[in-house]
**Q** 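Can you read through this structure? Questions will come right after.
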Amino acid sequence: MTQAVQAYSYAGPSALADGRLGLSTSGGTALSGPQAHPRFFSGLLTHAAPAAAGLLAVADVALTRYHQPRPGWTRDPVVTCDGGRLRFESFSACGGVYARLDVLELDGDVLDRGTTNVDVNGPLRESLARVGGRDPLHLGVGPDELTVTTLDGAVVEKKVPLPSRWLRGFAEVQVIAAGFDLRAELTGPHAVRFLRSLPKAARATVWAVPAGRDLRLSSAHAPGGVCLSGAGRVATLLPLLRFAKALRVYGPSDGSSTSGAWELELPGMRYTLAVSPEPWRGFSGEGAVLADLATDEAADDADVVGMLLNFEPSVELGLLADRSGLPIERVRAALTQLGTAGRVGYDLHEAAHFHRELPYDRAQVAELNPRLTAARALAESDAVRLNGDVAHVTTDGGVRQVHLADGSCTCPWWFDHRGSRGPCKHVLAARIVARVAIEVPS
């Protein structure tokens with residue numbers, strides 16, 4: 001498995017003491033420019049207990065490998081400050097679970113806007129688990145707020161591998177989530193009862209089916225239902241139930257039983273958990289971004305759109321289209337391209353993208369899409385022959401016939417997945433060649 005190495009360097013460890021939570025930051029991008037240890041916020045979290053529990057839940061996902069569990073996963077969560085909220089994000093080791101805590105009510109000073117990693121160490125996790133009561137919690141995101149002064153100059157450095165599937169997952173999940181609709185909303189008591197009714201078996205597969213103002217469990221697909229494959233993967237929701245005001249369930253707008261997302265409304269914040277279609281199937285394999293990445297114009301458009309982003313809490317497609325002079329569809333494709341570099345996420349509650357800057361190289365991540373790399377190689381090697389709406393693609397395994405209109409192919413990949421995991425390399429190659437033929441007619 002292809003891996004990059006991410007180096008975290010913190011001025012000191014994050015700590016919680018005497019009602020003051022200091023989150024140490026690693027390198028990141030801010031409006032003020034690149035920062036080794038950016039400072040984003042200093043102020044109060046009015047709802048201390050749910051904030052501590054939510055941050056711990058995000059950290060738990062970052063430490064967990066749900067499929068074939070094994071130790072060794074040490075990646076740190078990411079935080080983005082957009083001026084009005086803090087978004088904490090993480091991804092599981094297996095690439096099949098994405099978590100985000102949106103802290104919506106900030107009472108204090110926003111010092112800068114941007115994105116960075118935050119240190120969540122063992123002692124801090126233990127301290128967060130003990131937070132309770134109604135007292136507000138003072139939060140500092142940045143090195144000047146560290147509360148443990150006995151460790152003066154104690155630099156914390158971590159070097160961890162970032163597997164290719166994990167990097168690609170950050171791109172895939174925001175594209176997949178953009179195709180979700182709200183399928184059900186439960187009030188606090190109903191939400192608690194439903195989540196506690198989920199089977200305890202970690203690998204159990206169930207469907208959550210709307211039933212009036214409630215949800216019922218089904219062992220088979222039902223109209224309007226949202227699939228939860230691997231019920232144990234939503235375990236981080238359970239410690240938050242004592243704070244839950246509502247539960248919202250999102251699923252594919254076409255009603256298909258694939259991945260889904262679960263959102264808990266908490267006092268002053270929201271916790272979102274997105275799960276892939278199967279425990280063994282990470283978001284990185286879904287191929288949702290490939291059609292957009294295959295266009296030559298997407299990279300150029302992404303440069304234009306990227307310059308217009310300003311760490312907004314919500315990216316408005318119409319406004320970006322007006323400011324960039326690009327049609328909506330090209331703006332959407334440009335956001336997908338930006339997503340491959342971790343520069344945008346998707347907020348289901350607001351049905352909108354948001355700007356962030358993850359510390360990963362866009363070109364490197366784009367190269368980690370093997371189907372797209374293979375498709376470009378086929379296109380460049382003159383392996384594609386067009387005949388109207390049909391293309392013949394010559395490969396080592398034989399000639400594959402592609403129908404451009406519906407994106408079908410005679411290869412084993414299409415036979416197995418029928419387009420449910422994105423286009424195969426032959427379809428991508430045919431579309432690349434067909435696009436060139438239109439742009440440069442013979």
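Position 1 is the first residue of the sequence; numbering continues from there.
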**Q** Between Val61 and Leu273, is a side-chain contact (heavy atoms from CB on, under 4.5 Å) present by the stated rule, with each step listed?
**A** CA-CA 9 Å; Val61 170; Leu273 203 66; 4.0 Å; yes
**Q** Are Asp102 and Tyr271 close enough that a side-chain donor and a side-chain acceptor fall under 3.5 Å?
**A**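 There is no such pair (donor and acceptor under 3.5 Å, judged by atom type) between the side chains of Asp102 and Tyr271.
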**Q** Are any of the side-chain nitrogens in Glu350 or Arg85 under 4.0 Å away from the carboxylate oxygens of its partner?
**A**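 Arg85 and Glu350: salt-bridged.
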**Q** For Tyr346, which residues count as a ring pair (Phe, Tyr, Trp, His ring centres under 6.0 Å) partner, sequence neighbours excluded?
**A**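 Only His353 meet the ring pair (Phe, Tyr, Trp, His ring centres under 6.0 Å) criterion with Tyr346.
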**Q** Can you confirm if the NZ or CZ of Arg100 lies within 45° of the ring axis of Phe88 and under 6.0 Å from the centre of its six-membered ring?
**A**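 Because its charged atom misses either the 6.0 Å distance or the 45° angle limit, Arg100 does not stack over Phe88.
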**Q** Do the charged groups of Asp82 and Arg356 touch, with an N to O distance under 4.0 Å?
**A**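 Between Arg356 and Asp82 there is no salt bridge, as every charged N stays at least 4.0 Å from the carboxylate O atoms.
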**Q** Are side-chain N/O atoms of Asp112 and Ser32 paired as donor and acceptor at under 3.5 Å?
**A**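 Yes.
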**Q** To the nearest 0.5 angstrom, please state how far the OH atom of Tyr8 sits from the CG atom of Asp76.
**A**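 It comes to 5.5 Å.
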**Q** Dump the intermediate steps for side-chain contact (heavy atoms from CB on, under 4.5 Å) on Leu86 and Leu139, then the final yes or no.
**A** CA-CA 11 Å; Leu86 295 171; Leu139 170 66; 3.6 Å; yes
**Q** Quick one: list whatever passes ring pair (Phe, Tyr, Trp, His ring centres under 6.0 Å) with Phe311, sequence neighbours left out.
**A**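 With neighbours one apart ignored, the set is His355.
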**Q** Any salt bridge (Lys or Arg N to Asp or Glu O under 4.0 Å) pairs touching residues 236-248, not counting sequence neighbours?
**A**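 Residue pairs passing salt bridge (Lys or Arg N to Asp or Glu O under 4.0 Å), neighbours aside: Glu185-Arg248, Arg248-Glu263, Arg248-Glu265.
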**Q** Return the CG to CG distance between Leu128 and Leu21, rounded to the nearest 0.5 Å.
**A**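 Between Leu128 CG and Leu21 CG, I get 6.0 Å after rounding to 0.5 Å.
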